[in-house]
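Below, all heavy atoms of this structure are taken into account, side chains as well, without hydrogens, waters or symmetry copies. No experiment lies behind these values; they were computed from the predicted model shown.
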Amino acid sequence: MREDERDLPAWVANTLAPHQRHALSNPTRRRILRALNNTPDAQTVSDLFDVVPADGLSALSYHVKILEKDACVSQVGEAGRANGNGCAYVSNVADNLEVMDALRATEREDQGLGT
């Protein structure tokens with residue numbers, strides 16, 4: 001596991017499928033999912049960068065690709081942007097109760113507020 005990845009609490013991790021555990025093992029990916037779940041519109045990496053703290057667009061793009069590989073987000077098309085970050089994404093897990101519970105359980109820690 002990478003240094004910046006944090007394990008989920010056992011009681012949360014046990015309710016998730018392995019691919020979901022992997023997707024949610026990183027606070028940036030959890031923040032991305034929260035952002036996508038809080039809007040009805042597809043978001044580009046640039047859009048997400050406005051609301052999700054990250055070291056840069058490439059770091060954020062990396063995490064979006066992990067979420068896509070783990071089937072938590074889907075690409076819905078090109079937004080027509082010339083910066084190469086024009087793909088728009090939507091959440092596939094907004095109606096998944098286990099994932100939503102995991103996101104709620106980790107939100108305070110992800111905001112730096114502790115548990």
Side-chain angles (χ1 to χ4, degrees):
M1 180 177 301
R2 286 174 34 147
E3 173 178 306
D4 65 335
E5 292 182 344
R6 299 181 190 150
D7 289 333
L8 294 166
W11 67 270
V12 173
N14 291 337
T15 65
L16 300 170
H19 70 281
Q20 293 168 335
R21 269 195 308 272
H22 178 257
L24 296 177
S25 69
N26 181 277
T28 299
R29 293 194 288 269
R30 294 190 298 262
R31 289 181 189 112
I32 291 167
L33 285 175
R34 287 187 198 99
L36 290 174
N37 290 342
N38 286 328
T39 182
D41 301 321
Q43 301 290 301
T44 66
V45 172
S46 294
D47 295 332
L48 291 167
F49 190 68
D50 292 337
V51 295
V52 175
D55 290 335
L57 285 173
S58 62
L60 199 60
S61 181
Y62 165 81
H63 289 294
V64 169
K65 291 299 182 188
I66 296 286
L67 289 169
E68 185 176 25
K69 178 180 139 302
D70 288 336
C72 291
V73 302
S74 291
Q75 183 177 333
V76 294
E78 293 289 329
R81 298 198 179 173
N83 63 5
N85 296 314
C87 299
Y89 297 89
V90 294
S91 172
N92 294 336
V93 294
D95 61 351
N96 182 301
L97 296 177
E98 291 83 10
V99 170
M100 296 307 293
D101 284 346
L103 292 175
R104 278 190 292 277
T106 56
E107 188 167 17
R108 287 182 55 81
E109 181 179 338
D110 292 348
Q111 292 174 346
L113 300 175
T115 54

Answer yes or no: is there a side-chain heavy-atom contact under 4.5 Å between Leu48 and Leu36? yes

Is there side-chain contact between Arg31 and Pro27, with heavy atoms separated by less than 4.5 Å? yes

Quick check: closest heavy atoms across [X] and [Y], and the distance to 0.1 Å?
X	Y	result
Ala42	Asp47	O-OD2, 4.4 Å
Val73	Tyr89	CG2-CD2, 4.1 Å
Met100	Val93	SD-O, 3.8 Å
Asp70	His19	O-CD2, 2.7 Å
Ala54	Phe49	O-CE1, 3.8 Å
Asn37	Ala94	OD1-CB, 3.3 Å

Side chain to side chain contact (heavy atoms under 4.5 Å, CB included) evaluation trace for Cys72 with Leu33: CA-CA 8 Å; Cys72 291; Leu33 285 175; 4.2 Å; yes

Does Glu107 pair with Arg104 as a salt bridge, N-O distance under 4.0 Å? no

Assess whether a salt bridge exists between Asp110 and Arg34, defined as any Lys/Arg side-chain N lying under 4.0 Å from an Asp/Glu carboxylate O. yes

Is a side-chain donor or acceptor of [X] paired with a backbone partner of [Y] at a separation under 3.5 angstrom?
X	Y	value
Ser61	Ser58	no
Arg29	Leu24	no
Glu98	Asn96	no
Asn26	Thr28	yes
Arg21	Leu16	yes
Gln20	Ala17	yes

List the steps, then state whether side chain to side chain contact (heavy atoms under 4.5 Å, CB included) holds for Gln75 with Lys65. CA-CA 10 Å; Gln75 183 177 333; Lys65 291 299 182 188; 4.2 Å; yes

Evaluate Asp101 against Thr15 for side chain to side chain contact (heavy atoms under 4.5 Å, CB included), listing each step before the verdict. CA-CA 9 Å; Asp101 284 346; Thr15 65; 5.9 Å; no

Got more than 12 heavy atoms from elsewhere within 6.0 Å of CG, Asp55? no

With respect to Val45, which candidate in Ile32, Leu57, Val52 satisfies the side-chain contact (heavy atoms from CB on, under 4.5 Å) definition? Leu57

